[in-house]
Amino acid sequence: MQLSERQWKTLIKDIQQQRCILLLGDRAAISTDTGQAERLSALLALHLGRQMEAENVAFEQDQSRNLAYMAQRFLSAPKMRRIDLEDEVTDFYNAATRQTPAYYQQLATLPFCLTINLSPDDYLLRAFKAAGKAGAQTAYYNFRKDKNEGIDTPMRNKPLVYNLLGALKDPESLVLTQEDRVDFIKNVVKGNPGIPNAVMSHF
């Protein structure tokens, strides 16, 4: 969809006046550590596939880049525990996200107070701090249980990156499998647990 000149002016004004929320979808989170930019979720799905092949766990090859499917199949391996999947995921992200993609540095210069991040990476938080926004903060949603997490009001020099699908520092919060997705949607809709007011008030 192309924007008209008036729509571009309106969008720029909205960003300048901090009337926008930045939404980082799955395609924004990429890894450049291998020399080729590719979505982290797809790379993680491929990684899980290699683990499953080593243990003779069958999966549909045309779904090999679908993280929710591959994570669900990973848990079907004999004697596989949820914590084993969480360990694989955290180890993968720690290895694959050492280098922050350049465009995050550009995003960090824009006056967004609140970012909703649909990947558990911390690219934008790092970029905010590198851009001199030392007060940048992060928080996350845990679809399994309520958290008493104090969040300061997001401001221009104290932006908040909210990881809606969980955080690596709390692996059980991560929305990984197909079943996790269903539970996540049900719990968000019911508000049990609820998304913090510091986040919801910006909507």
Side-chain angles (χ1 to χ4, degrees), residues 14-34 36-45 47 67 71 85-176 180 184 188 193-203:
D14 284 343
I15 292 175
Q16 290 172 337
Q17 296 298 318
Q18 300 170 45
R19 297 190 294 238
C20 291
I21 295 172
L22 177 61
L23 176 64
L24 293 179
D26 177 61
R27 295 176 184 270
I30 63 171
S31 177
T32 57
D33 289 6
T34 61
Q36 183 178 1
E38 186 156 7
R39 286 183 300 129
L40 286 169
S41 63
L43 291 173
L44 174 54
H47 170 77
L67 178 56
L85 173 61
E86 293 169 359
D87 287 344
E88 287 289 341
V89 171
T90 53
D91 288 348
F92 169 84
Y93 272 97
N94 288 336
T97 61
R98 293 191 183 103
Q99 183 177 337
T100 303
Y103 60 84
Y104 280 90
Q105 304 297 338
Q106 297 170 324
L107 287 173
T109 65
L110 298 175
F112 288 107
C113 294
L114 174 63
T115 299
I116 304 298
N117 189 17
L118 300 184
S119 173
D121 65 84
D122 64 348
Y123 283 149
L124 188 58
L125 181 66
R126 284 188 242 163
F128 275 141
K129 292 184 179 294
K133 298 178 181 180
Q137 55 185 323
T138 185
Y140 64 95
Y141 181 74
N142 186 335
F143 72 103
R144 297 178 185 277
K145 62 184 180 183
D146 201 3
K147 306 190 300 38
N148 294 319
E149 185 175 23
I151 301 175
D152 293 335
T153 302
M155 295 182 291
R156 185 172 189 149
N157 292 320
K158 200 172 187 178
L160 170 65
V161 180
Y162 191 75
N163 283 4
L164 188 60
L165 302 182
L168 295 172
K169 67 180 181 180
D170 183 7
E172 76 164 9
S173 70
L174 295 172
V175 179
L176 299 171
D180 289 348
F184 166 81
V188 167
I195 295 173
N197 289 334
V199 174
M200 291 302 295
S201 62
H202 280 263
F203 286 89

>> Using 30° and 60° as the class boundaries, would you call the ring planes of Y104 and Y123 parallel, tilted or perpendicular?
In response: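 Taking Y123 first and then Y104, their aromatic rings sit tilted (interplane angle of 30° to 60°).
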Do any N or O atoms from the side chain of [X] and from the backbone of [Y] form a donor-acceptor pair under 3.5 angstrom?
| X | Y | answer |
| --- | --- | --- |
| Y141 | P193 | yes |
| T90 | L168 | no |
| Q137 | D152 | yes |

Could you check whether any side-chain heavy atom of [X] comes within less than 4.5 Å of a side-chain heavy atom of [Y], counting everything from C-beta outward?
| X | Y | value |
| --- | --- | --- |
| N117 | L124 | no |
| L44 | Y93 | yes |
| C20 | F112 | yes |

>> Just checking N197: does its CG atom have more than 12 heavy atoms from other residues, nucleotides or ligands closer to it than 6.0 angstrom?
In response: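 No, not enclosed.
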>> A quick test of your reading: do over 12 heavy atoms of other residues, nucleotides or ligands sit less than 6.0 Å from CZ of R27?
In response: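 Atom CZ in R27 is not crowded, with 12 or fewer foreign heavy atoms closer than 6.0 Å.
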>> Just by distance, no angles: are the side chains of T97 and D121 close enough, under 3.5 Å, to form a donor-acceptor pair?
In response: no
What distance do [X] atom [atom1] and [Y] atom [atom2] have between them, rounded to the nearest 0.5 Å?
| X | Y | atom1 | atom2 | answer |
| --- | --- | --- | --- | --- |
| Y162 | L118 | OH | CG | 12.0 Å |
| H47 | E88 | NE2 | CD | 4.0 Å |
| D91 | E86 | CG | CD | 11.5 Å |

> Shortest non-hydrogen contact from L164 to F184?
Replying inline: O-CE1, 3.5 Å
